[in-house]
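Here the structure is laid out as structure tokens; the discussion comes afterwards.
Since the structure is predicted, the reported quantities are computational estimates derived from the model, not experimental observations. Residue numbers count from 1 along this sequence.
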Amino acid sequence: MVDRLANSEANTRRINIVENCFGAAGQPLTIPGRVLIGEGVLTKLCRKKPKARQFFLFNDILVYGNIVIQKKKYNKQHIIPLENVTIDSIKDEGDLRNGWLIKTPTKSFAVYAATATEKSEWMNHINKCVTDLLSKSGKTPSNEHAAVWVPDSEATVCMRCQKAKFTPVNRRHHCRKCGFVVCGPCSEKRFLLPSQSSKPVRICDFCYDLLSTGDMATCQPTRSDSYSHSLKSPLNDVSDDDDDDDSSD
């Protein structure tokens, strides 16, 4: 099916429409053999609140962006190579339902579909695309992924020292290794995580000590599938703000 569509005029038109929706700021998406499998709005769990994002699944990449005008204009384009993707289902919790994790070496995050059927379709299509890509390339699935950041709303105090309370002055930070919400004094050190950045990034003291001694596996996140217990903001937020989890803290 995918091979049959690869060079079809209908597929080329569909991809051109997606390119035009992102405008000049987006990267070109039309390459030989690329097929647009499907698209839809998913709720992405960002560090401050859940936000609606437009997602496009191709046979080799996953693309998403902020919604400016539904089906007409998107910005903040993100492109994720599917060869590096692994996905894990998330248990329903309160208003957070029909979700799964999208995990890559550079960035990992949770998304939620409107229905269980939609979730199943997305996960099945992503898994098939990843399997087909790995089969053709002979590569093995990625066993390294970035931590999923714990949302700000989950932590009123530092998740490491358990003492520092967060205020407008005492800001929240995120450890790039474990994803925990930590205070400034608990995350003053930086460490080079090549899969995430070419420069040393902020990590908590706990992870720094383990990384410095070579015990890297121990500082993997201890809770990658637990999120806020309730949504404090509507899921139809379609602002074109930057993703909160792309910030420097």
Side-chain angles (χ1 to χ4, degrees), residues 1-46 49-87 97-137 233-246:
M1 178 68 173
V2 170
D3 292 338
R4 181 168 60 83
L5 291 173
N7 298 309
S8 71
E9 291 184 7
N11 177 65
T12 300
R13 285 196 302 269
R14 293 176 68 200
I15 296 178
N16 284 338
I17 290 172
V18 176
E19 283 187 346
N20 292 334
C21 286
F22 278 103
Q27 295 185 36
L29 298 173
T30 304
I31 64 170
R34 177 168 289 165
V35 176
L36 177 59
I37 305 297
E39 62 183 89
V41 177
L42 298 173
T43 298
K44 180 176 179 290
L45 195 62
C46 300
K49 60 183 178 180
K51 294 182 178 181
R53 296 287 183 254
Q54 181 73 27
F55 280 77
F56 300 92
L57 176 64
F58 297 83
N59 60 328
D60 61 333
I61 58 174
L62 182 66
V63 178
Y64 72 92
N66 295 12
I67 302 169
V68 181
I69 303 174
Q70 182 66 46
K71 295 188 178 298
K72 291 185 178 181
K73 184 178 181 181
Y74 311 110
N75 65 10
K76 308 297 181 184
Q77 183 191 71
H78 297 261
I79 299 177
I80 302 173
L82 284 179
E83 278 191 345
N84 299 327
V85 169
T86 56
I87 59 176
R97 306 180 67 81
N98 310 315
W100 68 97
L101 298 178
I102 296 174
K103 302 187 295 185
T104 80
T106 57
K107 184 176 183 178
S108 302
F109 53 90
V111 292
Y112 295 85
T115 67
T117 299
E118 188 179 339
K119 169 186 174 178
S120 177
E121 291 176 349
W122 270 101
M123 292 189 70
N124 288 338
H125 284 306
I126 293 173
N127 274 327
K128 187 176 188 313
C129 288
V130 172
T131 300
D132 290 347
L133 279 172
L134 294 176
S135 176
K136 290 178 180 179
S137 68
S233 58
L235 293 182
N236 61 350
D237 180 346
V238 292
S239 70
D240 60 351
D241 296 339
D242 289 337
D243 276 351
D244 295 314
D245 53 358
D246 289 335

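With sequence neighbours excluded, the residues forming a side-chain contact (heavy atoms from CB on, under 4.5 Å) with T104 are I80, V85, T106, K107, listed by chain and number. Remark: D60 pairs with I31, R34, F58, L133 by the side-chain contact (heavy atoms from CB on, under 4.5 Å) rule, at least two apart or across chains.
Using a 3.5 Å distance cut-off with no hydrogens or angles, the side chains of Q27 and E19 do not pair a donor with an acceptor. If you check the side chains of N98 and T115, you find no donor sitting under 3.5 Å from an acceptor.
Within the 4.5 Å cutoff, the side chain of L42 has no heavy atoms near those of the R53 side chain. Counting only heavy atoms from C-beta outward, the side chains of L57 and L82 approach each other to under 4.5 Å. Between I79 and L29 the shortest side-chain heavy-atom distance falls below 4.5 Å.
Between K76 and N66 the shortest heavy-atom distance is CG-ND2, 3.5 Å.
F56 CZ to H78 NE2: the interatomic distance, rounded to the nearest 0.5 Å, is 13.0 Å. The distance from the CZ atom of R13 to the CD1 atom of I15 is 12.0 Å, given to the nearest 0.5 Å. For the atom pair SG of C21 and CG of N16, the computed distance is 11.0 Å after rounding to the nearest 0.5 Å. One distance of note links NZ of K71 with CD of Q54; it measures 6.0 Å at 0.5 Å rounding.
For the pair K128 and D132, the salt-bridge criterion is met [side-chain N within less than 4.0 Å of a carboxylate O].
Aromatic ring pairs are classed by plane angle as parallel below 30°, tilted from 30° to 60° and perpendicular above 60°; the pair F109 and F55 is tilted.
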